[in-house]
Amino acid sequence: MDNGTISYKLYTKPANKGLTLHSQSHHPTATKLAVINNKYKRAEANSTKEYRTTSEEAITTKLQRNGYSLKRITSERTHKRNRRRPDNQQLVIKLPYLNDTFNGLVRTSLKRHGFNARLVNPRPATVQDITKR
């Protein structure tokens with residue numbers, strides 16, 4: 001507490017090993033980007049301004065230890081800040097997830113043909129979903 005204001009920073013338990021989803025894992029790219037964004041979102045929500053830089057530096061170090069390049073981290077954070085909210089007139093196309101290459105081809109094709117569309121990969125049905133009465 002300084003000058004009547006309370007300051008706080010992102011808390012990490014001492015037992016935390018700093019492990020997170022590795023950049024080379026076989027997960028969709030969107031999942032890996034969400035890891036980056038959610039780490040920084042957590043730091044922003046749980047740190048005051050004077051400690052935010054320290055918290056973000058710690059997150060950057062942990063992400064780099066898990067295979068994320070500084071270029072990728074910086075690029076995603078910049079892209080996220082500049083991203084617009086989708087408008088209500090946007091077409092939503094639901095396709096099962098096959099791989100990032102297929103998703104990229106679909107998105108490129110939609111843009112090339114002038115569609116204002118967003119590709120969504122719904123989660124696959126589980127045995128529980130199938131057996132529900």
Side-chain angles (χ1 to χ4, degrees):
M1 190 164 173
D2 189 32
N3 295 332
T5 60
I6 298 174
S7 298
Y8 50 93
K9 62 181 175 178
L10 183 65
Y11 176 75
T12 307
K13 290 181 179 181
N16 185 324
K17 303 260 189 269
L19 299 176
T20 189
L21 184 67
H22 197 276
S23 68
Q24 299 299 312
S25 70
H26 293 285
H27 284 79
T29 303
T31 302
K32 296 175 200 174
L33 297 178
V35 166
I36 295 171
N37 290 318
N38 288 331
K39 295 268 184 197
Y40 288 103
K41 204 183 292 184
R42 181 172 169 254
E44 186 177 334
N46 295 302
S47 302
T48 51
K49 287 182 182 178
E50 57 269 20
Y51 286 115
R52 191 161 301 141
T53 303
T54 308
S55 299
E56 289 176 349
E57 287 170 357
I59 289 168
T60 301
T61 302
K62 287 177 184 178
L63 287 170
Q64 285 179 307
R65 274 194 245 132
N66 283 281
Y68 294 89
S69 70
L70 184 57
K71 182 179 177 182
R72 178 59 170 233
I73 296 167
T74 307
S75 135
E76 179 54 25
R77 293 189 68 214
T78 304
H79 179 70
K80 187 72 172 181
R81 283 188 207 118
N82 296 333
R83 202 175 290 160
R84 286 185 348 170
R85 295 257 180 224
D87 61 26
N88 293 334
Q89 301 301 315
Q90 192 175 40
L91 176 67
V92 176
I93 297 176
K94 292 183 180 182
L95 292 174
Y97 177 79
L98 297 178
N99 59 41
D100 287 333
T101 304
F102 177 76
N103 281 353
L105 289 171
V106 171
R107 284 189 187 100
T108 302
S109 181
L110 289 168
K111 284 181 186 175
R112 185 180 308 130
H113 294 288
F115 287 100
N116 180 20
R118 182 168 58 106
L119 180 61
V120 175
N121 303 119
R123 73 175 179 82
T126 62
V127 173
Q128 183 180 7
D129 293 337
I130 295 168
T131 58
K132 277 186 182 175
R133 294 177 189 221

Considering all heavy atoms, the nearest [X]-[Y] contact:
| X | Y | result |
| --- | --- | --- |
| Ser47 | Leu10 | OG-N, 3.2 Å |
| Ile93 | Ala117 | CD1-CB, 4.1 Å |
| Ser23 | Gly67 | OG-O, 2.7 Å |
| Arg52 | Glu44 | NH2-O, 3.3 Å |

For [Y], does its backbone N or O pair with a side-chain atom of [X] as donor and acceptor, under 3.5 Å?
| X | Y | value |
| --- | --- | --- |
| Thr60 | Glu56 | yes |
| His22 | Gln24 | yes |
| Lys62 | Thr20 | no |

_Can you tell me if Arg107 has over 12 outside heavy atoms packed within less than 6.0 Å of its CZ?_
yes
*Determine, stepwise, if the pair Tyr11 / Lys13 fulfils side-chain contact (heavy atoms from CB on, under 4.5 Å).*
CA-CA 7 Å; Tyr11 176 75; Lys13 290 181 179 181; 3.9 Å; yes
*Report the C-alpha separation of Thr53 and Glu57 in whole Å, then their side-chain angles, then the decisive distance to 0.1 Å, and conclude whether the side-chain contact (heavy atoms from CB on, under 4.5 Å) test is met.*
CA-CA 6 Å; Thr53 303; Glu57 287 170 357; 3.5 Å; yes
_Stepwise side-chain contact (heavy atoms from CB on, under 4.5 Å) test for Leu21 and Tyr68_ = CA-CA 10 Å; Leu21 184 67; Tyr68 294 89; 4.2 Å; yes
*Passes side-chain contact (heavy atoms from CB on, under 4.5 Å), Tyr40 versus Leu63? Steps please.*
CA-CA 11 Å; Tyr40 288 103; Leu63 287 170; 3.8 Å; yes
